[in-house]
Amino acid sequence: MTAQGFSASSTKPNTWTDYQTASLSNAGDGLGFVLNGDGIVCIDLDHCYDGRPSAEAQALIDSLPNTYVEVSPSGTGLHIWGFAALEKGRRFNRNGLSVEIYPNGRYITVTGKAVNQAAFAHLDLSHLLP
């Protein structure tokens with residue numbers, strides 16, 4: 001939902017708003033970020049966090065440069081944020097870990113519950129992609 005209560009779209013910029021306006025709204029599923037293909041990516045890891053990352057999730061995090069990682073809204077997953085050159089999203093399993101990488105066309109709700117408080121890093125994802 002937009003701050004005005006109308007439906008927003010992850011692919012229609014005219015339905016988006018800025019952080020200050022969005023933070024004052026109680027519409028929708030919470031504050032988030034639209035991935036629009038500008039180079040910011042989110043790696044979504046499901047069912048891998050119970051107060052600390054699972055061994056598989058930690059190994060994936062350790063394979064990347066120091067970047068921002070937060071607990072997902074479910075409380076049981078992680079979102080890894082950074083910059084990468086990727087045209088389309090990917091979904092795969094790596095060592096039993098469900099991995100989704102989104103570069104565009106997605107709205108990702110953010111929590112601010114940092115597991116690793118760092119600036120977004122440039123991520124080389126070539127070693128992750130199947």
Distance check, rounded to the nearest 0.5 Å: Arg94 atom CZ versus Leu129 atom CG?
10.0 Å
Verify, without hydrogens or angle tests, whether Tyr102 (side chain) and Asp44 (backbone) share a donor-acceptor contact under 3.5 angstrom.
no
Within this structure, what is the OG1-CG distance for the pair Thr76 and Leu45, rounded to the nearest 0.5 Å?
11.0 Å
Mind telling me whether Trp81 and Phe33 have parallel, tilted or perpendicular rings, with 30° and 60° as the class edges?
perpendicular
Nearest non-hydrogen partners of His122 and Pro65, listed with the distance
O-CG, 3.4 Å
Give the minimum heavy-atom separation between Ile108 and Cys42, together with the two atoms involved.
CG2-SG, 4.1 Å
Between Arg91 and Glu100, does the salt bridge (charged side-chain N to carboxylate O under 4.0 Å, His left out) criterion hold? Intermediate values first, please.
CA-CA 4 Å; Arg91 180 180 296 177; Glu100 296 169 88; 3.0 Å; yes
Just verifying a value: how many Å separate Ile43 CD1 and Leu125 CG, rounded to the nearest 0.5 Å?
5.0 Å
To the closest 0.5 Å, what do you measure between OG1 (Thr67) and CD1 (Ile61)?
10.5 Å
If you round to the nearest 0.5 Å, how far is NE2 of His47 from OG of Ser74?
7.0 Å
For the student: nearest non-hydrogen atoms of His127 and Ser63, plus distance:
NE2-OG, 2.9 Å
Enter the distance from Gln117:CD to Asn66:CG here, rounded to the nearest 0.5 Å.
10.5 Å
Ignoring hydrogens and angles, tell me if any N or O in the side chain of Asn95 forms a donor-acceptor pair with the backbone of Leu97 under 3.5 Å.
no
Backbone of Val71 reached by a side-chain donor or acceptor of Thr111 within 3.5 Å:
yes
Between Asn104 (side chain) and Asp38 (backbone), is there a donor-acceptor pair under 3.5 Å?
no
Quick check: does any side chain N or O of Asn116 sit under 3.5 Å from a backbone N or O of Ala118, one acting as donor and the other as acceptor?
no
